[in-house]
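Below: one structure, written as structure tokens.
One is the number of the first residue; the rest follow in order along the sequence.
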Amino acid sequence: MDPDVIIGLLIPFVGTALGAAAVFFMKKALSQRVSRALTGFAAGVMTAASVWSLIIPAIEQSQNWGRLSFLPAAIGFWAGILFLLLIDRLIPRLRRFSDGKRSPRSRTAMMVLAVTLHNIPEGMAVGVAYAGFLAGRGSITSAGALALATGIAIQNIPEGAIISMPLHAHGHSKGRAFLGGTLSGAVEPIFAALTLLLAELIIPAMPCLLSFAAGAMICVTARELIPEMMEDESSYIGVLCYALGFTVMMAMDVALG
């Protein structure tokens with residue numbers, strides 16, 4: 001494989017690792033206000049990424065459906081929602097009943113799963129871009145594919161941080177928290193390479209795959225993160241940081257799209 005292509009496939013993973021490295025600059029424990037702020041920011045990032053990075057591209061890739069171009073995105077979105085709800089019901093280790101509330105570790109585990117699922121179609125998108133470049137199709141150039149990979153890498157920086165920092169806050173060492181945040185992005189180069197190898201089979205299903213990841217992220221945001229950021233008198237901080245995270249990710253997606 002072309003070395004430039006290999007580098008391009010790995011760039012998004014590097015972005016996740018850089019974000020996860022933020023854990024080395026935090027203290028052992030987070031104050032309640034900082035915890036609410038991080039939770040709100042994470043919820044905003046995941047909401048904006050679901051819309052601009054996943055759902056809108058899914059609809060755009062289904063334009064040949066005409067007025068029903070929303071249908072593949074809607075099907076994939078609901079599949080992602082139901083999948084996360086099913087996982088939440090079937091894996092007891094992700095649940096702990098205590099005064100009717102979910103444990104912080106459980107919330108973090110579900111967020112790790114959602115972000116990892118979100119990274120799969122992003123990796124596939126990079127693989128599709130490089131497949132188009134190598135096949136000489138359309139206007140996709142090496143620079144264009146590299147720009148896409150770089151844009152996704154920048155978007156991955158806050159995602160790496162919102163995984164590693166809560167892991168450390170819930171008792172993991174900084175090294176293990178960094179590893180957990182980094183590994184959430186390891187699926188990207190793997191699925192990018194698989195997509196590159198199986199492009200002709202996977203590309204037709206991309207709208208459903210993109211919206212599937214969006215459904216998973218929205219499910220975790222609505223069920224886990226928003227309730228947590230609204231639990232006490234610090235909720236206004238969570239709301240403001242939700243808006244900040246949403247704005248930052250929206251700006252990245254539009255500016256780098």
Side-chain angles (χ1 to χ4, degrees), residues 11-23 34-61 73 76-77 80-81 84 107-108 110-126 129 147-167 181-182 184-185 187-188 206-207 209-230 236-257:
I11 284 177
F13 175 68
V14 173
T16 302
L18 288 175
V23 72
V34 173
S35 178
R36 297 288 176 268
L38 287 175
T39 300
F41 187 84
V45 166
M46 293 172 73
T47 302
S50 296
V51 176
W52 274 274
S53 296
L54 300 171
I55 294 177
I56 291 178
I59 294 174
E60 289 176 347
Q61 292 181 26
F77 181 82
I81 292 282
L84 256 293
R107 293 187 181 117
T108 302
M110 293 301 291
M111 188 167 66
V112 170
L113 177 60
V115 171
T116 301
L117 288 173
H118 160 70
N119 285 334
I120 290 175
E122 284 192 349
M124 295 175 72
V126 174
L148 173 64
T150 302
I152 291 176
I154 294 175
Q155 295 171 15
N156 285 348
I157 293 175
E159 292 175 2
I162 64 176
I163 295 298
S164 65
M165 295 178 76
L167 285 174
T182 300
S184 71
V187 295
E188 290 200 12
M206 277 301 291
L209 293 171
L210 290 168
S211 53
F212 177 89
M217 293 184 72
I218 291 295
C219 181
V220 171
T221 300
R223 194 156 188 252
E224 314 291 346
L225 303 185
I226 291 178
E228 182 177 351
M229 78 183 196
M230 299 292 291
Y236 72 94
I237 295 176
V239 173
L240 290 174
C241 288
Y242 175 90
L244 177 62
F246 186 94
T247 303
V248 168
M249 187 55 69
M250 175 182 65
M252 286 184 176
D253 279 323
V254 174
L256 300 172

remark   = Rounding to 0.5 Å, atoms OG1 (Thr182) and CG (Asn156) come to a distance of 11.0 Å
ask   = Can you name the nearest heavy-atom pair linking Met124 to Leu209, along with the distance?
value = CE-CD1, 3.2 Å
task = Grab the two heavy atoms, one from Trp52 and one from Pro57, that are nearest each other, plus how far apart they are.
result = O-CD, 3.2 Å
Show me the donor-acceptor pairs, under 3.5 Å and distance only, between side chains in residues 241-250 and residues at least two apart or in other chains.
from: Tyr242; atom 1: OH; to: Thr47; atom 2: OG1; distance (Å): 3.1
from: Thr247; atom 1: OG1; to: Ala243; atom 2: O; distance (Å): 2.7

note = Sorted by chain and residue number, the ring-ring contact (aromatic ring centres under 6.0 Å, His included) partners of Phe41 (sequence neighbours excluded) come out as none
message = For the CG atom of Leu240 and the CZ atom of Arg36, what is their distance to the nearest 0.5 Å?
response = 14.5 Å
request  = Answer yes or no: is there a donor N or O on one side and an acceptor on the other, between the side chain of Ser164 and the main chain of Ala20, under 3.5 Å?
outcome  = yes
query = Can you tell me how far the CE atom of Met46 sits from the CD1 atom of Ile218, to the nearest 0.5 Å?
reply = 8.0 Å
By side chain to side chain contact (heavy atoms under 4.5 Å, CB included) - contacts of Val51 (at least two apart) = Ile56
inquiry  = Could you report the tightest heavy-atom contact between Gly181 and Leu167, atom names first, then the distance?
reply    = N-CD1, 4.3 Å
request  = Of all the heavy-atom pairs spanning Ile55 and Ala214, show the shortest one and how long it is.
outcome  = CG1-CB, 3.5 Å
request  = Only counting residues at least two apart or in another chain, list the ones meeting side chain to side chain contact (heavy atoms under 4.5 Å, CB included) with Ala216.
outcome  = Leu84, Leu117
task = Please report the closest heavy-atom contact between Pro207 and Ala58, naming both atoms and the distance.
result = O-CB, 3.4 Å
Contacts of Ala153 that satisfy side chain to side chain contact (heavy atoms under 4.5 Å, CB included) - sequence neighbours left out = Ile11
inquiry  = Among residues at least two apart in sequence or on other chains, which ones pass side chain to side chain contact (heavy atoms under 4.5 Å, CB included) with Ser184?
reply    = Thr16, Val115, Thr116, Asn119, Ile163
